[in-house]
Participant: 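Once you've had a glance at the structure underneath, I'll fire off some questions.
The shown structure was predicted, so the numbers you read here are calculated from the model rather than taken from an experiment. Numbered from 1 within each chain, the chains take letters A, B, ... in sequence-line order.
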2 protein chains.
Amino acid sequence: MTQPTSPDTASGQDALPRQHRQYTIGELARMFEVTPRTIRFYEQEGLLAPRREGQKRIYHEKDRVRLKLTLRGKRLGFSLGEIREVVMMYDAMPDGNARQLRRLLEILADKRANLERQLEDIRLMRMELDDVDHRAREVLRGLGHEA
Amino acid sequence: MTQPTSPDTASGQDALPRQHRQYTIGELARMFEVTPRTIRFYEQEGLLAPRREGQKRIYHEKDRVRLKLTLRGKRLGFSLGEIREVVMMYDAMPDGNARQLRRLLEILADKRANLERQLEDIRLMRMELDDVDHRAREVLRGLGHEA
DNA sequence: CAAGCACTTTACGTTAACGTCAACCTCGTC
DNA sequence: GACGAGGTTGACGTTAACGTAAAGTGCTTG
């Protein structure tokens, strides 16, 4: 029974301080319903940087959050490259120079514009779906009455 | 000056009844800022079925709308296959049997669920962006005051 | 009539984002 | 000490969604 542990509630068996909770790659994978391969790939792409214990990768809260953000970005159609842009600049922020920061702000504005367009797209798409739905139901009603 | 013609307002030079307006592949391409190759590809994938005049493809309103819906679907992260599912079933609706119609309703519900999750994702993503934005601005302010 | 432009088909190339082995370590445990 | 359940690194395969180049058709314009 390899059922996915909710990525937000899960904290092991005993109530750990959650800040110090550690995860193996398999645990994370189950939590988010992705494969370990995917997680390793994200690391290779510079989106994650787990610590090592010997060979094994050890993930902490920060890594979990990053993965969560990454997957959310993906669901919204961002490429891993785009996601990395934001995530990495975010980390480099504290000691970032002004040029980098302004560049970050640009990127953010860009993403936001993207989101706004998606909102509108969703609105329109919903209407289309409603429309098709209505028609389909009517045709179904028609079928019911005949023959 | 190959500037994109707005895909919604454009109706040629003289006010055509718009319902009978015809388009070449290049016109459509410019309207939606895609390449002809893309449009041909969509046809090959069963998303468009323009009439032919000799060799050349002739597109009408219906085709334009389909393309519009297709691109919107894409911006929302749907695959061409998913888009085709809905679009083709929509066309097959009038004489569709009950089983097909119920299947269509399922698919629609599915897509809608997808959209709802995206809405939530957008909400969350917005907050993240706002957060990063704030921090970046603060760091910038800091830089301004020193040195 | 040659040139240019927009269109056509065919076919191979490319990129992103993983999947899928294979071959290997390293535990706890029976 | 064999074994199974996890983990590891290559390395090659795959799919979607086009890009790109080659070679040809058809109009109309200098």
Participant: Just how far, in rounded Å, is C1' of dT26(C) from CZ of Arg52(A)?
Facilitator: 15 Å
Participant: How many Å lie between CD on Glu82(A) and C1' on dT15(C), as a whole number?
Facilitator: 14 Å
Participant: Test your reading of the model: is there a side-chain donor-acceptor pair from Thr70(B) to the backbone of Arg66(B), 3.5 Å cut-off?
Facilitator: yes
Participant: Measure from CD1 on Ile83(B) to P on dA17(D) and round the result to the nearest Å.
Facilitator: 8 Å
Participant: Does a side-chain N or O from Thr38(B) land closer than 4.0 Å to OP1 or OP2 of dG19(D), or not?
Facilitator: yes
Participant: Given 3.5 Å as the limit, does a donor-acceptor pair link the side chain of Glu33(A) with the main chain of Arg30(A), or not?
Facilitator: no
Participant: Is Thr24(B) near enough to dC7(C) that one of its side-chain N or O atoms lies under 4.0 angstrom from OP1 or OP2?
Facilitator: yes
Participant: Tell me whether the OP1 or OP2 atom of dT9(C) has a side-chain N or O from Arg37(B) closer than 4.0 Å.
Facilitator: no
Participant: From dC18(D), dG19(C), dT9(C), pick the nucleotide closest to the side chain of Tyr42(B)?
Facilitator: dC18(D)
Participant: Atom CG of Leu47(A) and atom P of dA17(C): how far apart are they, to the nearest Å?
Facilitator: 9 Å
Participant: Starting from the 5' end of DNA chain C, give me the residue, Ser79(A) or Lys56(B), whose nearest nucleotide shows up first.
Facilitator: Lys56(B)
Participant: In whole angstrom, give the distance that lies between atom CD of Glu45(B) and atom C1' of dC18(D).
Facilitator: 10 Å
Participant: If you find the nucleotide of DNA chain C closest to Phe41(A) and the one closest to Gln55(A), which residue's nucleotide is nearer the 5' end?
Facilitator: Phe41(A)
Participant: Given atom CD of Gln44(B) and atom C1' of dA16(D), what is their separation to the nearest angstrom?
Facilitator: 12 Å
Participant: Any side-chain N or O of Arg57(A) under 4.0 Å from OP1/OP2 of dT9(D)?
Facilitator: yes
Participant: In the structure I gave you, are the side-chain heavy atoms of Glu43(A) and Ile39(A) within less than 4.5 Å of one another anywhere?
Facilitator: no
Participant: For residues Phe41(A) and Leu48(A), determine if any side-chain heavy atom of one lies less than 4.5 Å from a side-chain heavy atom of the other.
Facilitator: no
Participant: Going by atom types alone, do Tyr23(B) and Glu61(B) pair a side-chain donor with an acceptor below 3.5 Å?
Facilitator: yes
Participant: Rounded to whole Å, please give me the gap between NZ in Lys74(A) and P in dA16(C).
Facilitator: 13 Å
Participant: Mind calculating the distance between CZ (Arg51(B)) and C1' (dT8(C)) to the nearest angstrom?
Facilitator: 18 Å
